[in-house]
Amino acid sequence: ECKSCYAYSLSLKSVFDENSLLSMLSPALRHEVLISIHQVAVGVLPIFRDQTATFTADLLQVMQPQLALPHTFIVRDGDIGNLIYFIVCGDVLVYEDAWPEADEEGNYTFERAKVFMHGKGNFFGHEAVLSRKRHRITARSLKMTQLYCLSKASIGELVDSIPKFAVLLHGALQAAM
C-alpha cells in the first residue's frame, strides 16, 4: 500500500514549480490551464457546478490533493477542523461520533442513525471548519480514496483578497449538499 501511495503522490508532482509557471500566465489562461489540469475533479465535485471559471480556478489553486489508503482514518472525533474534504473517487464511512471499539472478532457496532456513506462528489469536514470548532465526526476510507482538501487558512486568504468569495463558497457548498 505504501508503494501505491508513493506512486500516486509522484504522479501528482512535477519537476516544475506549478505556481511559478502559473504566475507567468495571464489570468484567463491561468484559469483555463487550472481547470484543464483538474478536469476530473471539476467534473465530479458539485461545488464547481454552475460556477464561474474565476471561482473554480481560484478554488483549485488553493485545494490540495490527498490520498487516503484503504481503512485509513481521515478525521477523528475531536480533531481540530482545519480541512474540508471533497471526494473525487473512493468511499468514506463517516460516523457522527468517536469510532467504536472492535469486538473480539474484529467487528464494529455502529448506531445506524449516525453512519453515512460518502462517495464520489460528496464532502465532509465543512461543519467544523465553518463553525471553527472541533470535528464531531470520524471518517475512515473504505478503499483507495482521492480527496481534494480545502484548508481553513486558504478560505481566509481567498475571502481577504476577494470579499464576495465567502458568499460564493457558502452558496456553492449549500448547492452541493
Side-chain angles (χ1 to χ4, degrees), residues 1-2 4-5 8-9 11-12 35 38-51 55-56 58-159 165-177:
E1 289 182 354
C2 286
S4 296
C5 184
Y8 173 79
S9 180
S11 74
L12 296 176
I35 291 168
H38 301 283
Q39 66 185 349
V40 171
V42 171
V44 167
L45 300 177
I47 192 167
F48 296 120
R49 190 174 302 130
D50 301 325
Q51 299 300 328
F55 174 87
T56 300
D58 287 343
L59 205 50
L60 285 169
Q61 201 158 7
V62 297
M63 293 178 98
Q64 294 297 314
Q66 187 179 87
L67 181 69
L69 296 175
H71 312 293
T72 300
F73 285 101
I74 301 166
V75 159
R76 291 182 187 262
D77 180 55
D79 286 352
I80 295 173
N82 287 326
L83 297 171
I84 302 175
Y85 300 88
F86 297 87
I87 303 170
V88 176
C89 67
D91 293 314
V92 176
L93 186 69
V94 176
Y95 187 61
E96 288 186 342
D97 210 342
W99 200 261
E101 295 294 322
D103 62 18
E104 296 82 34
E105 287 93 40
N107 298 317
Y108 298 96
T109 303
F110 297 97
E111 290 182 49
R112 181 176 283 270
K114 294 184 175 184
V115 178
F116 301 93
M117 177 68 72
H118 289 301
K120 179 169 63 174
N122 294 132
F123 60 96
F124 59 94
H126 57 288
E127 290 175 358
V129 170
L130 299 177
S131 68
R132 297 184 174 137
K133 295 184 179 175
R134 292 183 176 268
H135 284 289
R136 294 183 4 225
I137 61 167
T138 299
R140 188 175 189 185
S141 63
L142 297 180
K143 58 184 180 181
M144 192 83 75
T145 302
Q146 182 184 0
L147 305 160
Y148 269 47
C149 303
L150 179 61
S151 73
K152 186 188 315 186
S154 295
I155 293 170
E157 289 171 19
L158 286 170
V159 169
F165 186 82
V167 174
L168 292 171
L169 180 61
H170 184 266
L173 288 170
Q174 287 296 327
M177 292 178 128

With rounding to the nearest 0.5 Å, note down the distance linking [atom1] in [X] to [atom2] in [Y].
X: Q51; Y: I35; atom1: CD; atom2: CD1; result: 11.0 Å
X: L147; Y: M63; atom1: CG; atom2: CE; result: 10.0 Å
X: I84; Y: I47; atom1: CD1; atom2: CD1; result: 7.0 Å
X: L45; Y: H38; atom1: CG; atom2: NE2; result: 11.5 Å
X: I80; Y: R134; atom1: CD1; atom2: CZ; result: 4.5 Å
X: L67; Y: T145; atom1: CG; atom2: OG1; result: 7.5 Å

Kindly give the heavy-atom pair with the smallest separation between [X] and [Y], and that separation in Å.
X: P70; Y: M144; result: CG-N, 3.6 Å
X: C149; Y: L83; result: CB-CD2, 4.1 Å
X: R132; Y: K152; result: CA-NZ, 4.4 Å
X: A139; Y: V92; result: CB-CG1, 3.8 Å
X: V42; Y: T56; result: CG2-CG2, 4.0 Å

Stepwise side chain to side chain contact (heavy atoms under 4.5 Å, CB included) test for M117 and L142: CA-CA 10 Å; M117 177 68 72; L142 297 180; 3.2 Å; yes

Expected output: side-chain S154 to main-chain L150 donor-acceptor under 3.5 Å: no

In the structure I gave you, are the side-chain heavy atoms of [X] and [Y] within less than 4.5 Å of one another anywhere?
X: S141; Y: L69; answer: no
X: V40; Y: Q146; answer: no
X: D77; Y: R136; answer: yes
X: F165; Y: L59; answer: yes
X: Y95; Y: R140; answer: no
X: R76; Y: H135; answer: no

F55/F48 aromatic ring centres below 6.0 Å: no

ring-ring contact (aromatic ring centres under 6.0 Å, His included), paired with F86, selected from Y148, F124, F123: F123

D103, CG: over 12 other non-hydrogen atoms inside 6.0 angstrom: yes

Working for side chain to side chain contact (heavy atoms under 4.5 Å, CB included), residues V62 and S151: CA-CA 8 Å; V62 297; S151 73; over 6 Å; no

